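In this text, all values refer to a predicted model and were calculated from it rather than measured experimentally. Whatever order the structure lists ligands and atoms in, that order sets their numbers, starting from 1.
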Amino acid sequence: MIPFNKPLYTGVEDQFVLASMRSSKISGDGEYSRKCQEWFQIKLGCVKALLTPSCTHALEMAAILIKIQPGDEVIMPSYTFVSTANAFVLRGAKIVFVDVRADTMNINEELIEAAITNKTKAIVPVHYAGVACNMDVIMEVANKYGLYVIEDAAQAMMSTYNGKSLGSIGHFGTYSFHETKNYTSGGEGGLLIINDREFAERAEVIREKGTNRSQFFRGMVDKYSWVDLGSSYLPCDLQAAYLWGQLSIADDVNETRLEAWSKYRRLLQPLADEGYIELPFIPEGCKQNAHMFYFKVKDLVERTNLIEFLVHNGVQAVFHYIPLHSSAAGNIFSRFHGQDISTTIESERVVRLPIWYGITTAEIEKIASVVTGFYK
Ligand SMILES: *Cc1c(COP(=O)(O)O)cnc(C)c1O
């Protein structure tokens, strides 16, 4: 069976993980955490980048930083991972979903303004498959109404929008280093990207159990104490060491994934030309990172049959997401603004094919020929 995913691991991680294990500081914010955070600060040109135990935690930190209160509303797409919503629900927010664009499965930027009320506090665009949302329109609407923008860029490391790294455009951005993402810090991990100087200091406090320990370590205060809300939002240095290895080959990984993605596209183009399937669309100005190779089939029935056919022929293909507004928790914590024209119907058409760093041409050719065989 060709698996759907293989977590990124090349061996380049070993030396750093071992060095970390043998050092005298393996808890959070050790040498490798500092190295990774500096790497991201330079790469993204952000005010501050803070490693977190997951993207979920980075989103939770953002919700605390913008002081979400019970009853505040947060606008986002329903076609996303649960954490995008849960991070804000945990602080009492009501989630307001708006429809996605069928072409990218990203939030439909034209529908956001109409969903804004006097309770709206933030917009959370999700860069699906590492392809950027229309950030120009989203930032314009946010600025007009004084709203915060938190980019859920969990899938989007190395992707850009008009030359800007995803995650570096809104007030905050978040990355995931879960094993299913393009880069991992050993299975779980994340990053909070802070682009507004106003939040830099308080973010460190929230991440260090609500204390000013980070300032203490920098010699800025002579003792540390409890100063604010907080939790333990920092990963251990072993995780950072693992990630540090992967950052040293970040460009190679990105280029190799993009080559695999292009191969799929080339091999499946004939099926698209004949109207059997729809291939992904990358808007102008967007550079993607080949996080996902997905395409769309006719409907839910065809998708179920195709995935079964693929599994039967040794290919583990998958689908996602069940739109959040139609889930049990969604009923309680959210509402859908306007009509669900694309979210549900389009979500039922998505099929994801195996992709990872190191997938071979032979594997891609086999998978493409099984897909073709299903239709022919
Ligand atoms: C993977 C993912 C997350 C969650 O990331 P974790 O690191 O597992 O917490 C959040 N949002 C989106 C869009 C994701 O794809």
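For the residue pair Thr256 / Glu259, no side-chain donor-acceptor distance below 3.5 Å is found, with atom types taken as modelled.
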Pairs of donor and acceptor atoms involving the side chains of residues 212-219, under 3.5 Å and at least two apart or interchain, shall be tabulated with distances.
{"unit_1": "Asn212", "atom_1": "OD1", "unit_2": "Ser225", "atom_2": "N", "d": "2.8"}
{"unit_1": "Arg213", "atom_1": "NE", "unit_2": "Glu208", "atom_2": "OE1", "d": "3.2"}
{"unit_1": "Arg213", "atom_1": "NE", "unit_2": "Glu208", "atom_2": "OE2", "d": "3.4"}
{"unit_1": "Arg213", "atom_1": "NH1", "unit_2": "Tyr224", "atom_2": "OH", "d": "3.4"}
{"unit_1": "Arg213", "atom_1": "NH2", "unit_2": "Glu208", "atom_2": "OE1", "d": "3.1"}
{"unit_1": "Gln215", "atom_1": "NE2", "unit_2": "Glu201", "atom_2": "OE2", "d": "3.4"}
{"unit_1": "Arg218", "atom_1": "NH1", "unit_2": "Glu204", "atom_2": "OE2", "d": "2.9"}
{"unit_1": "Arg218", "atom_1": "NH2", "unit_2": "Glu204", "atom_2": "OE1", "d": "3.0"}

Atom pairs and distances, donor-acceptor, side-chain atoms in residues 273-283, under 3.5 Å, two or more places apart:
{"unit_1": "Asp273", "atom_1": "OD1", "unit_2": "Gln269", "atom_2": "NE2", "d": "3.0"}
{"unit_1": "Glu274", "atom_1": "OE1", "unit_2": "Lys376", "atom_2": "NZ", "d": "3.2"}
{"unit_1": "Glu274", "atom_1": "OE2", "unit_2": "Lys376", "atom_2": "NZ", "d": "3.3"}
{"unit_1": "Glu278", "atom_1": "OE2", "unit_2": "Arg349", "atom_2": "NH2", "d": "3.0"}

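Between Tyr321 and Phe81, the ring-plane angle classifies as tilted under the 30° and 60° cut-offs.
Protein residues lining ligand 1, listed by chain and number: Ser54, Cys55, Thr56, Thr80, Phe81, Thr84, Val126, Asp152, Ala154, Gln155, Ser176, His178, Lys181, Gly189, Tyr321 [non-hydrogen atoms, distance under 4.0 Å].
Applying the ring pair (Phe, Tyr, Trp, His ring centres under 6.0 Å) rule to His325 yields the partners Phe336; only residues at least two apart in sequence or on another chain are considered.
Within the 4.5 Å cutoff, the side chain of Gln288 has heavy atoms near those of the Trp261 side chain.
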